[in-house]
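Letters A, B, ... mirror the listed sequences (proteins, then strands); counts begin at 1.
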Number of protein chains: 2
Amino acid sequence: MKSMSQTTGAGRTRKGGETKERIVDCALRKFRQYGYDGTTMRGIAEDAGVSLGNAYYYFKSKDHLITAYYRESHETHIEACEPILDGEKNLKKRLLGVLRTRVETSMPYHRFSMQLFKTAADPESPLSPFSDEQTEVRDLSVDIFRRVIDGSSTKVSGKLATELPMLLWTYQMGIILYWVHDRSQGCSQTYKLIDHSTDLVVRLIQLNRLPPMRPLVNRTLKLLADLKPLRTNGA
Amino acid sequence: MKSMSQTTGAGRTRKGGETKERIVDCALRKFRQYGYDGTTMRGIAEDAGVSLGNAYYYFKSKDHLITAYYRESHETHIEACEPILDGEKNLKKRLLGVLRTRVETSMPYHRFSMQLFKTAADPESPLSPFSDEQTEVRDLSVDIFRRVIDGSSTKVSGKLATELPMLLWTYQMGIILYWVHDRSQGCSQTYKLIDHSTDLVVRLIQLNRLPPMRPLVNRTLKLLADLKPLRTNGA
DNA sequence: GTCTATAACCGGATAGAC
DNA sequence: GTCTATCCGGTTATAGAC
């Protein structure tokens, strides 16, 4: 654990912190307005009233501004989810609510996300939501799904219980991937996908209770475990 | 259907065709040797003995050279697969053989593919293996899996039969995605993944025969059908 | 040490002459 | 079909100011 901010160690004085914040704000605004490709570092710097080189003092690359997006994105999401996580007991409704909210709150960044996913899809990059460097935000995000399960009336048992929050997070990433490319009016296709797939997912979770299913479930979990060590050099 | 080559309509004279071919050859060699990012258009042009501008006359962007890679990649694969497709009857062994061969033949391009997937993961791009523009090569690739099934002793029935070749192709893309990020010695992790996952996949295919499974299978297929129309503007 | 600015460099892409 | 000249934007080197 190194601790936070990829952003060059910078921003440790009153003025520095403010400058950094100003850059982030301008960047996010430009991202919403013009998308990722349509936003230039020169443009951000100009808006923020700093020189180009100075912007690079705070963020060592354009990509690194993405971390700022992840943070804002998560905060907006969890805030909007509280009512559902607090008030609803039915598993399917909880899951449905969290996923729909994720899409809704991300809407202003639709164009941006389209172009983002190109960089984010590459687990090489520290900017990938799957990378070590994003552990912090990712864990917060996985936690939402832990709450989805724990706060519901459906009890999950066996090996599945441990893995489920992370699996649901991955499932959410799949939804996002779809949304990113969804050009339908108001992203109605994505909402349809959410409805149909949560139905399936909840069924599968409940199927886990049937003893004859256990070997298949366990074998699948074992496979997923194998999928993990992408970054290690193990033989 | 527009027909082939994304490459600007160019290359229709004797000399033109040769120049184009020379560019492709130099590009692929450089891709193998230095990866995608490590290869510059200027470098390719120089090796091919043409000017930078001229290279752009034949390929309207660096990305468009990727089409050339897809083509070579597919040809090498199918050639290497013939023995298995002709000689083996067991479904699992056929599938295993085809997937292993895919990885083996792609090995010289491992570094290249790492960087490639960044661009290819974006279905926006005409370079994505999922895009309309790549229908031609993709169909050829899906066809390999049709042969895997048809030539095997296992009979597949129901709605699954129609979709299975395409599903297996998608599954192969998943394997490739894993391989691309696999840093283990000789990509042993990927081969392990292939072994374990084909086992699971073949089991699932055979499970399809059990009547009680049908509703779940059909519901899943319906969901997958919903997943398709990513590019349309449907309500 | 923390911050800021100016002037390059590099490589993908385009314009336009021949 | 081919070239040269140029643009554009991410990134870096470097030098100074607080």
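Using a 4.0 Å heavy-atom criterion, one finds that B:Gly53 contacts the bases of the nucleic acid, with or without backbone contacts as well.
We find that CG of A:Leu52 is positioned 9 Å from C1' of D:dG9, with the value rounded to whole Å. Taking atom CD1 of residue B:Ile44 and atom P of nucleotide C:dA13, one finds them 11 Å apart after rounding to whole Å. Spacing between atom CD1 of B:Ile23 and atom P of D:dC3 amounts to 9 Å, rounded to whole angstrom units. Between the CG atom of A:Leu65 and the P atom of D:dG10 there is a distance of 11 Å, rounded to whole Å. Spacing between atom CZ of A:Phe59 and atom P of C:dT4 amounts to 13 Å, rounded to whole angstrom units.
When each of D:dT2, C:dC3, C:dG12 is scored by its nearest atom to the side-chain atoms of A:Tyr57, the top-ranked nucleotide is C:dC3. Considering only the side chain of B:Met41, C:dG12 comes nearest among C:dG12, D:dT2, C:dC3.
Helical stems in DNA chain D, defined as runs of 3 or more consecutive Watson-Crick or G-U wobble pairs with both donor-acceptor distances under 3.5 Å, are listed by first residue as C:3-18 with D:1-16.
Note on B:Asn54: a side-chain N or O is less than 4.0 Å away from OP1 or OP2 of D:dC3. The side chain of B:Ser61 contributes no N or O atom lying less than 4.0 Å from OP1 or OP2 of C:dG12. Of the side-chain N and O atoms in A:Thr13, one or more sit less than 4.0 angstrom from OP1 or OP2 of C:dC3. A:Lys15 has a side-chain polar atom (N or O) that falls below the 4.0 Å cut-off from OP1 or OP2 of C:dT4. The shortest distance between the side-chain N/O atoms of A:Thr40 and the OP1/OP2 oxygens of D:dC8 is not below 4.0 Å. Dashed line: the shortest gap from a side-chain N or O of B:Tyr58 to OP1 or OP2 of D:dT2 is under 4.0 Å.
For the residue pair B:Ser184 and B:Asp182, a side-chain donor N or O sits within less than 3.5 Å of a side-chain acceptor on the partner. Between the side chains of A:Ser197 and A:Tyr171, at least one donor-acceptor pair of N or O atoms lies under 3.5 Å.
Summarising the geometry, atom CE belonging to B:Met166 is positioned 11.0 Å from atom CG belonging to B:Asp139; distances are rounded to the nearest 0.5 Å.
Closest heavy-atom contact between A:Tyr56 and A:Met41: OH-CG, 3.4 Å. Contact detail for B:Gln134 and B:Pro126: the closest heavy-atom pair is NE2-O, 3.1 Å.
Evaluation of atom-type donor-acceptor distances gives a pair under 3.5 Å for the side chain of B:Arg42 against the base of C:dG12.
Between B:Thr39 and A:Ser51, the residue anchored closer to the 5' end of DNA chain C is A:Ser51, taking for each the nucleotide with the nearest heavy atom.
Paired with B:Tyr109 under the rule ring-ring contact (aromatic ring centres under 6.0 Å, His included), one option of B:Tyr69, B:Phe31, B:Tyr36 passes, and it is B:Tyr69.
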message = Would A:Thr162 and A:Leu221 count as a side chain to side chain contact (heavy atoms under 4.5 Å, CB included) here? Give the steps.
response = CA-CA 10 Å; A:Thr162 331; A:Leu221 289 175; over 6 Å; no

